[in-house]
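Report on one structure; see the data block that follows.
The analysis underlying the following values was restricted to heavy atoms, covering all of them including side chains, and did not include hydrogens, waters or symmetry mates.
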Amino acid sequence: MPYSLGIWARGFAHGLTRPGRLRRTGFTLTVFGLWSVIRIVVALGRAVDHVLFPAFRRRAIERPVFVVGSPRSGTTFLHGLLALDEARFSSLRLYETLLPSIALCRLVEIGGAVDRRLGRPLGRAAVAIQRRVFGGWQGIHETALARHEEPEGLWALRMMTPAVYLLFPFFDELPELSSLEAVRGDRARRAAIRFYVGSLRRHLYLADRRTPGRTLLVKTVLFPSRLRAVCSALPDIRFVQLVRDPRRTIPSALSMLTAPWKAHSPRMVGATPETRMFANVLLDGIAAYAAARDRTPAERWLTLSFEDLVADPGATVERVYDFLGLVSDSALNERRERAAEEARRTTRAHSYSLADFGLSAADIEDAASRAMFESVHRGAS
């Protein structure tokens, strides 16, 4: 908690020195209030877990599967297709990442059941809130409390993720947000990893109530910021990496990640130093993936291309199943085909260019280094 509050205090103080501070102050204080309430509720819920559900601590996380890649490289699409296999895989939903407590999630489930009997008044209210909160990502990254989502919220609760730059776009002043290794203090890092792994154990414990023994399936795009620490905590982790030309992913990712800035720091949107620094964080992630792939046994790392996934989702999923030593069935394949077709119909085309953010193809190649730039393409071959 002291580390998290320190980030808030520093981010708030730096925000007061920038243009538009009145708008940013109101926004930041509102978010801080919500974050503080959630942190307190989560702390109480996790304490209750140890009393009512102590067996969760013994739930092993065996050979988890992490779908990784740069933002906008197809990870959400592939993860969604894999998550349809609910007999084998279990993935966190967004509300689980915001309320990582067995007791709290059970209350959500019970509340949801009661709400459905009453005609879903709370459900409709939740949809309205979701549209307002996540409206800036509509058509870019569909988000809802009950949808499968990457567990970035677990790190946001600790204020140890590059996602905090969505609130505090002060890269020089808060460099430790870009990497867990840059966090000052071993104690804070160890506490964050314990919180993360404990949350995953809680999720699997809850999942066992429906189908025991499922494998944890995680999708994450900001994973490079804590890659080494999580690999140490989960030594038999398996990776499915999607790669895509960074000249395409970077502008698309910046468009998504800087959307919240329009609410509190609109002067930082577009071709600004802040977006260039965010691009550097994403490019550092590409380099981190390449380095991790080189030091990970081949049987634990599968690299796929975005283009292959889009061209033939079924064949790509089959490659993942072969890699994991699994066999799919016809009914599941048909569900995936319908899901892929639905995704094609509902996905809207968006036009982003590097120039929109004051960048060029040469900037991307130079930042990633030409050798790294080429390795991204070799990895999928």
For the side chain of D49 and the backbone of S101, is there at least one donor-acceptor N/O pair under 3.5 Å apart?
-> no
Do T272 side-chain atoms and V269 backbone N/O form a donor-acceptor pair below 3.5 Å?
-> no
Are F323 and F239 near enough that their ring centres are under 6.0 Å apart?
-> no
May I ask you to check if R158 and F195 form a cation-pi contact, with NZ or CZ under 6.0 angstrom from the six-membered ring centre and within 45° of the axis?
-> yes
Answer yes or no: is there a side-chain heavy-atom contact under 4.5 Å between T25 and L29?
-> yes
May I ask you to say whether E341 pairs ionically with R336, meaning some side-chain N is under 4.0 Å from a carboxylate O?
-> no
Residue list, side chain to side chain donor-acceptor pair (under 3.5 Å) with H79, at least two apart or on another chain | S91
Find out whether P251 and S353 are in side-chain contact, i.e. whether some heavy atom of one side chain is under 4.5 Å from a heavy atom of the other.
-> no
Is there a side-chain contact between Y3 and R187, using heavy atoms and a 4.5 Å cut-off?
-> no
For the residue pair R88 and L217, establish whether any side-chain heavy-atom pair is separated by less than 4.5 Å.
-> no
Those residues at least two apart in sequence (or on a different chain) that pass side chain to side chain donor-acceptor pair (under 3.5 Å) with D208 are R59
So, R335 side chain and L84 main chain: donor-acceptor pair closer than 3.5 Å or not?
-> yes
Are the side chains of E173 and R10 in touch, meaning some heavy atoms are under 4.5 Å apart?
-> no
Strictly by modelled atom types, are D308 and T316 linked by a side-chain donor-acceptor pair under 3.5 Å?
-> no
Please examine the side chains of Y321 and D85, heavy atoms only from C-beta on, and report whether any two atoms are closer than 4.5 Å.
-> yes
Are the side chain of S265 and the backbone N or O of W261 linked by a donor-acceptor pair below 3.5 Å?
-> no
Please report the shortest heavy-atom distance between E96 and C105, naming the atom on each side.
-> CG-SG, 3.9 Å
Nearest-0.5 Å distance, CG of residue L282 to OG of residue S178 = 11.0 Å
Kindly write out the residues that satisfy side chain to side chain donor-acceptor pair (under 3.5 Å) with R210, not counting sequence neighbours, or none if the list is empty.
-> E109
Of all heavy-atom pairs between L359 and A279, which one has the smallest distance, and what is that distance?
-> CD1-CB, 3.9 Å
Start with the C-alpha gap between E274 and R18, add the side-chain angles, then the distance that decides, and say whether salt bridge (charged side-chain N to carboxylate O under 4.0 Å, His left out) holds.
-> CA-CA 12 Å; E274 288 78 15; R18 305 297 179 92; 3.8 Å; yes
Do F168 and H264 have side-chain heavy atoms sitting under 4.5 Å apart?
-> no
Can a donor-acceptor pair be found between the side chains of T249 and R72 at a distance below 3.5 Å?
-> no
Side-chain heavy atoms of R238 within contact of P64, under 4.5 Å | no
Take atom CZ of R39 as the centre, draw a 6.0 Å sphere, and report whether it contains more than 12 heavy atoms from other residues, nucleotides or ligands.
-> yes
